[in-house]
There are 4 protein chains.
Amino acid sequence: MSKKTVLLTGFEPFNKETINPAWEAVRALDGWSEEGFTVAARQLPCVFVLANEVMARAIEELNPSIVIAVGQAGGRCDLSVERVAINIDDAPILDNQQQQLVDQAVVEGGPAAYFSTLPVKAIARELRAAGLPASVSQTAGTFVCNHVFYGLMHVAAERMERGGVAPMRAGFIHIPYLPRQAAAHPGAPSMALADMVEGLRVAVRTALEVESDVRYAGGATH
Amino acid sequence: MSKKTVLLTGFEPFNKETINPAWEAVRALDGWSEEGFTVAARQLPCVFVLANEVMARAIEELNPSIVIAVGQAGGRCDLSVERVAINIDDAPILDNQQQQLVDQAVVEGGPAAYFSTLPVKAIARELRAAGLPASVSQTAGTFVCNHVFYGLMHVAAERMERGGVAPMRAGFIHIPYLPRQAAAHPGAPSMALADMVEGLRVAVRTALEVESDVRYAGGATH
Amino acid sequence: MSKKTVLLTGFEPFNKETINPAWEAVRALDGWSEEGFTVAARQLPCVFVLANEVMARAIEELNPSIVIAVGQAGGRCDLSVERVAINIDDAPILDNQQQQLVDQAVVEGGPAAYFSTLPVKAIARELRAAGLPASVSQTAGTFVCNHVFYGLMHVAAERMERGGVAPMRAGFIHIPYLPRQAAAHPGAPSMALADMVEGLRVAVRTALEVESDVRYAGGATH
Amino acid sequence: MSKKTVLLTGFEPFNKETINPAWEAVRALDGWSEEGFTVAARQLPCVFVLANEVMARAIEELNPSIVIAVGQAGGRCDLSVERVAINIDDAPILDNQQQQLVDQAVVEGGPAAYFSTLPVKAIARELRAAGLPASVSQTAGTFVCNHVFYGLMHVAAERMERGGVAPMRAGFIHIPYLPRQAAAHPGAPSMALADMVEGLRVAVRTALEVESDVRYAGGATH
């Protein structure tokens, strides 16, 4: 039996940063292979009109069983497993092609939102069990991260409708600044690259092993 | 021509509070009437299995043109105009009937999310123009507030499908603690009741007057 | 018997603001008079090299029993009764004469710090009892607010040493942005002017009435 | 010529934690030795009435040239080089002997505060240059950390007055939670132990090498 493929994506640097922890973390796992799976890492441009195309091509090429898109969330303190992608682009800053999409759909006519099909609660729990700060997040924002998350889930939904391909679980994880970035952002939390990489290992394993997500209170009052 | 009805709802106190700013603010506007509209205020129980029923009955009774549900967001600092309701209950705390729904749909089989049909950007802009701190929020959480917001939008969608009723715009606004509440929550921001009431006046007027929402960057990078 | 004089000071606007809540709040109390006391309000320039001179002249002129200097703390959520002034100027921004003092003493040769001689714990408690968010703060920063606080306490200490004058209690209270300011600072808490004014009334009364400060845990672990 | 001794202290776990990053970080450097210096690490009890005694004995025993006391600041995101210790104990929580000192002096009759004699600005700058988030902090709180910081500076001042001993530079650095601690404190930032240890190396070297502190704006408006 052939191995499963796990696709991890990370963005190029954006918003004046010279490094993106998401790309650093996923590329560290490129080629990671165990008995049942192999990981492939791909970089995504931080560009609204390109990112989802690059993602779609990677999915077509690799036919992955699991896709975890990873993005930098400067200001967050933990590994945030995103629960839901919403069908809106509303960019507070310019993307890397100097575009700023405002109040328009990610996919015209698409559903208002997609839920992650990763076991988000199980991943957050396993991350904490591994000694890593983690939570389930109720919003991935409205910038390129959410755009890619929504686009990814839309592709996954289309593949499922079309049939003829193996089912694909997909979702998004936000990660903090690296310490070297936070050194230039007073008051911003950070996380060591090694912990991010370890966290993604945990997420990949959990996504492969946990069929039905666990249930435990993990939401937000507001 | 008959006046339009604007329905404002606010919750009863919850989570050990003895007052709920949402109810205090909306009841201050009960009966507010101008040439084109009259406001009716209703209290909702902070109970998963009851709140949406009370809301649905109020809508049936009043046949409102606008519904704005208002809820307390302890810890937030401004009037948060919610953009999207998601189809998930995941309660970090008990509701007022000691129930804690975890990881289940608000409406089984319903869409993953509904967007507010209020002009959220226009409302946020007008609030700030009136000297009140305000923003568009990308998440209403996963507790009873989101539950009611989702339930409200679901009713609105069903009425539109069914036809035969006037169109209804609906949405949700989160408001901070009152100062007297914040006095017991070190580090929590607050807002004076008079400013909340004034803010809801602005929101009602804007919802009545602005047909198509304005567009300006107001989202979040994550 | 002559009435006691209470001197309240507030700064002019600084850091690109067009209004300063501290001045708005104290000037609302100018001339407030009860059986035992009268309040005089004075505006201070937000200028390192001038502010303490204006303060010293006001003290000489008015011979107050109580001095409460009030300053804007944009980003704080409550009425912060400052505990201690430190002998250092270290300005992260320019003052209103475009000066930026860095790492120099407020008073060359002065003690490292002065504690407030107001009953800070009693004031914080009375504020909360009045339904206003309040706390005792361990740092007044290192900008013009701390500079004035230190300068004020230094004058008070010198007067006590010199003798021949009535004892003078003095201290500093930081207050949040006004709502209209916070409307332009996303994420910043605010407080209504009426609540600030009411808070200062409580502080003045408590400073006049409470001889020995109350003791209760109100510090910070770090 | 004999080597200089650098004393690093860290606390035992407190406040229900089972680990203290400060002790973990300093003990990793115990015995670290270079051409001009050797590091000795000592653990301090998180007990008001014991900690300064243990510190004083260690200083007597080791006669260090540099003392850096290190403490956990759960909730802070960076390496905080403390600027000033104040003469007040005001404990929001119990210490490890179930004592809670409230509003009393650390040293009866001592000065209101002591400034760190470490080159705090240089240390913060070098830490950031090494890619580590760092800042100068204006308050070490009013719990055992500030108590030890004040006690340490008091001992240093007494030694200088007494004469006959080599001059001793001393100060305090607060550090964040470890990731494994933050995993149990939703919303709390953390830092990897390796980065804390590296940060303390930088601090030790800078304290040994930089005679007069550098000046650059690094304070706080409030």
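In the text below, chain A, chain B and the rest are named by the order of the sequence lines, each starting its count at 1.
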Practice task
Side-chain contact test, heavy atoms from C-beta onward, threshold under 4.5 Å: evaluate it for A/Glu12 versus A/Trp23 and give yes or no.
Solution key: no
Problem - Within-4.5 Å side-chain heavy-atom neighbours: A/Arg42 and A/Leu7 - result: yes
Handout entry: A/Ser135, part contacting chain D, at a heavy-atom distance under 4.5 Å
Key = neither
Completion exercise
Which of D/Val144, D/Val148, D/Val106 passes side-chain contact (heavy atoms from CB on, under 4.5 Å) with D/Phe48? It is D/Val144
Exercise for the section: Could you check whether the rings of A/Trp32 and A/Phe37 sit parallel, tilted or perpendicular, using 30° and 60° as the cut-offs? Expected result: perpendicular
Practice task
Side-chain contact test, heavy atoms from C-beta onward, threshold under 4.5 Å: evaluate it for D/Phe172 versus D/Ser116 and give yes or no.
Solution key: no
Handout entry: Residue selection (most heavy-atom pairs with chain A, distance under 4.5 Å) from D/Ala130, D/Pro189, D/Pro133
Key = D/Pro133
Handout entry: Among the listed options D/Pro186, D/Cys77, D/Ala183, the residue most often paired with chain A at heavy-atom distances under 4.5 Å
Key = D/Ala183
Handout entry: Among D/Ala188, D/Pro179, D/Ala184, residue most engaged with chain A (heavy-atom pairs, under 4.5 Å)
Key = D/Pro179
Handout entry: Side-chain heavy-atom pair A/Val67, A/Leu62 within 4.5 angstrom cut-off
Key = no
Completion exercise
When the 4.5 angstrom heavy-atom criterion is applied to A/Ala129 and chain D, the contacting part is neither
Handout entry: Side chains of D/Asp95 and D/Phe14 in contact at under 4.5 Å (non-hydrogen atoms)
Key = no
Practice task
Please determine, by modelled atom types, if D/Glu17 and D/Gln72 share a side-chain donor-acceptor pair under 3.5 angstrom.
Solution key: no
Exercise for the section: Considering only heavy atoms, give the residues of residues 192-211 of chain A separated from chain D by less than 4.5 Å, sorted numerically, with 'none' for an empty result. Expected result: A/Ala192, A/Asp195
